Amino acid sequence: MSAQEKKPGLNWIKLAPWIYTLGLFLIWEVGVRLFDIRPTILPAPSAIAGALYQYWPAIQRHSIQTLFTTTLGFGLAVVGGLALGLLVGWSRVIYAGLYPLMVGFNAIPKVAVVPILVIWFGIGTIPAVLTAFLIAFFPIVVNVATGLATIEPETEDVLRALGAKKIDIMLKVGIPRSMPYFFGSLKIAITLAFVGSVISETIAANSGLGYMMSAAQSQFNVPLVFAGLIMLAIEGIVMYALMAWVEKRMTGWAHRSQLANG
């Protein structure tokens with residue numbers, strides 16, 4: 001039988017995430033039952049699945065709200081981060097002036113900013129969107145600015161010797177060079193955006209998974225809290241995978257050696 005006629009074996013790389021996840025839940029279930037851990041301390045996966053089934057209408061509604069606020073905040077961060085990243089990377093003077101300010105602002109815990117947003121905009125969706133925006137904004141700016149700021153001096157010298165202007169260098173070399181950094185940063189930014197949304201929903205919202213988990217915690221409904229965490233994990237994985245797919249589609253030319261080995 002020729003190699004082409006042989007049936008392909010199992011793709012263990014694609015199966016590994018499912019196998020490891022099922023293994024984790026199995027060990028979790030057995031451990032909880034073996035050590036007789038109370039559901040108020042650590043619920044078993046079967047109890048979490050029961051909470052997902054019992055409270056599914058509410059979980060679905062709050063999940064959609066969190067996904068909406070996260071996506072909107074992330075979209076604003078992409079637009080604003082790309083624009084400011086291009087500006088910061090345009091000039092070494094601008095880079096030197098704005099970068100310390102951005103680092104200082106990023107060092108401020110965003111949970112401390114939420115009360116200010118509530119004073120300005122009230123309780124609801126807007127603070128959650130803005131918190132997601134603020135926490136996802138910095139990685140995008142830094143990566144875009146880094147891509148522009150790390151153009152080899154030799155390349156700039158050659159292009160200037162050929163008569164290229166600053167704008168030509170940025171359009172023909174700088175921006176294409178920064179695109180792998182930009183699309184790579186989206187995977188980090190989308191996960192951080194979920195963190196921002198949940199932080200705000202926990203403190204100052206009347207909907208969303210953060211609000212739902214906070215309310216469940218006050219009622220000692222720990223299985224529902226874990227059900228909210230599971231939904232957050234699912235949404236985060238899906239959005240991360242989507243950003244990874246976008247990165248591969250848009251910057252495949254920058255990863256030729258990796259694609260060739262696949």
Side-chain angles (χ1 to χ4, degrees), residues 6-35 37 39 41-56 59-60 62-71 73-75 77-78 132 135-136 139-140 143 179-199 201 208-210 212-213 216 222-262:
K6 293 181 179 179
K7 294 182 179 180
L10 294 175
N11 191 331
W12 291 106
I13 294 178
K14 291 185 177 181
L15 290 176
W18 300 98
I19 295 174
Y20 278 67
T21 301
L22 291 175
L24 171 63
F25 283 121
L26 179 61
I27 295 172
W28 184 352
E29 182 79 26
V30 172
V32 168
R33 294 181 180 275
L34 182 64
F35 295 101
I37 301 175
I41 302 298
L42 180 64
S46 57
I48 299 172
L52 282 168
Y53 177 79
Q54 181 179 356
Y55 301 102
W56 177 246
I59 292 174
Q60 184 182 38
H62 291 298
S63 297
I64 292 174
Q65 173 65 19
T66 296
L67 183 61
F68 169 73
T69 56
T70 300
T71 305
F74 172 71
V78 170
I135 202 170
I140 298 175
N143 277 273
M179 287 300 98
Y181 292 86
F182 167 66
F183 286 105
S185 70
L186 298 184
K187 296 183 294 185
I188 301 173
I190 188 61
T191 55
L192 293 177
F194 275 103
V195 174
S197 291
V198 174
I199 288 175
E201 290 171 352
L209 288 174
M212 185 195 75
M213 289 188 294
V222 182
L224 181 56
V225 174
F226 274 83
L229 292 175
I230 294 295
M231 292 304 300
L232 279 173
I234 292 173
E235 290 184 349
I237 291 171
V238 170
M239 294 302 293
Y240 182 94
L242 178 60
M243 293 303 108
W245 178 82
V246 171
E247 179 192 18
K248 184 177 179 181
R249 292 282 297 180
M250 300 302 295
T251 62
W253 54 269
H255 304 280
R256 284 190 296 269
S257 60
Q258 296 181 13
L259 296 176
N261 294 329

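Please read these numbers as outputs of a predicted model, since none were measured by experiment.
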Taking it one step at a time, do L52 and M231 satisfy side-chain contact (heavy atoms from CB on, under 4.5 Å)? CA-CA 9 Å; L52 282 168; M231 292 304 300; 4.1 Å; yes
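In terms of heavy atoms, P223 sits closest to A47 at CB-O, 4.0 Å. Across every non-hydrogen atom of L224 and A216, the tightest pair is CD2-CB, 3.7 Å.
Distance CZ/F183 to NZ/K248: 15.5 Å, rounded to 0.5 Å. Put simply, CD1 on I48 and CZ on F25 are 7.0 Å apart, with the number rounded to the nearest 0.5 Å. With rounding to the nearest 0.5 Å, the separation of CD in E235 from OG1 in T191 is 13.5 Å. Rounding to the nearest 0.5 angstrom, the gap separating the CD1 atom in I237 from the CG atom in L232 is 11.0 Å. The CD1 atom of I190 sits 9.0 Å away from atom CD1 of I140, with the distance rounded to the nearest 0.5 Å. Here CZ of F226 is found 5.0 Å from CG of L42. Values are rounded to the nearest 0.5 Å.
Take A193 and apply the side-chain contact (heavy atoms from CB on, under 4.5 Å) test, not counting sequence neighbours, and it matches T70, F74, A132, A136. Qualifying side-chain contact (heavy atoms from CB on, under 4.5 Å) partners for T71, counting only residues two or more places apart in sequence or in other chains: L67, M239. Remark: S185 pairs with no residue by the side-chain hydrogen bond (donor to acceptor under 3.5 Å, both in side chains) rule, at least two apart or across chains. Residues passing the side-chain hydrogen bond (donor to acceptor under 3.5 Å, both in side chains) test with Y181, sequence neighbours excluded: none. With sequence neighbours excluded, the residues forming a side-chain hydrogen bond (donor to acceptor under 3.5 Å, both in side chains) with Q65 are T125, listed by chain and number.
Looking only at distances, no side-chain donor or acceptor of S197 sits under 3.5 Å from a matching main-chain atom of F194.
Sorted by first and then second residue, the side chain to side chain donor-acceptor pair (under 3.5 Å) pairs involving residues 10-30 (not counting sequence neighbours) are E29-R33, E29-S46.
For L15, the CG atom sits in a packed shell: over 12 heavy atoms of surrounding residues, nucleotides or ligands are nearer than 6.0 Å.
Two residues are said to be in side-chain contact when any heavy atoms from C-beta on lie closer than 4.5 Å; E247 and L186 fail this criterion. In this structure the side chain of L209 reaches within 4.5 angstrom of the side chain of M212, judged on heavy atoms.
A donor atom on one side chain and an acceptor atom on the other are found under 3.5 Å apart for E201 and T66.
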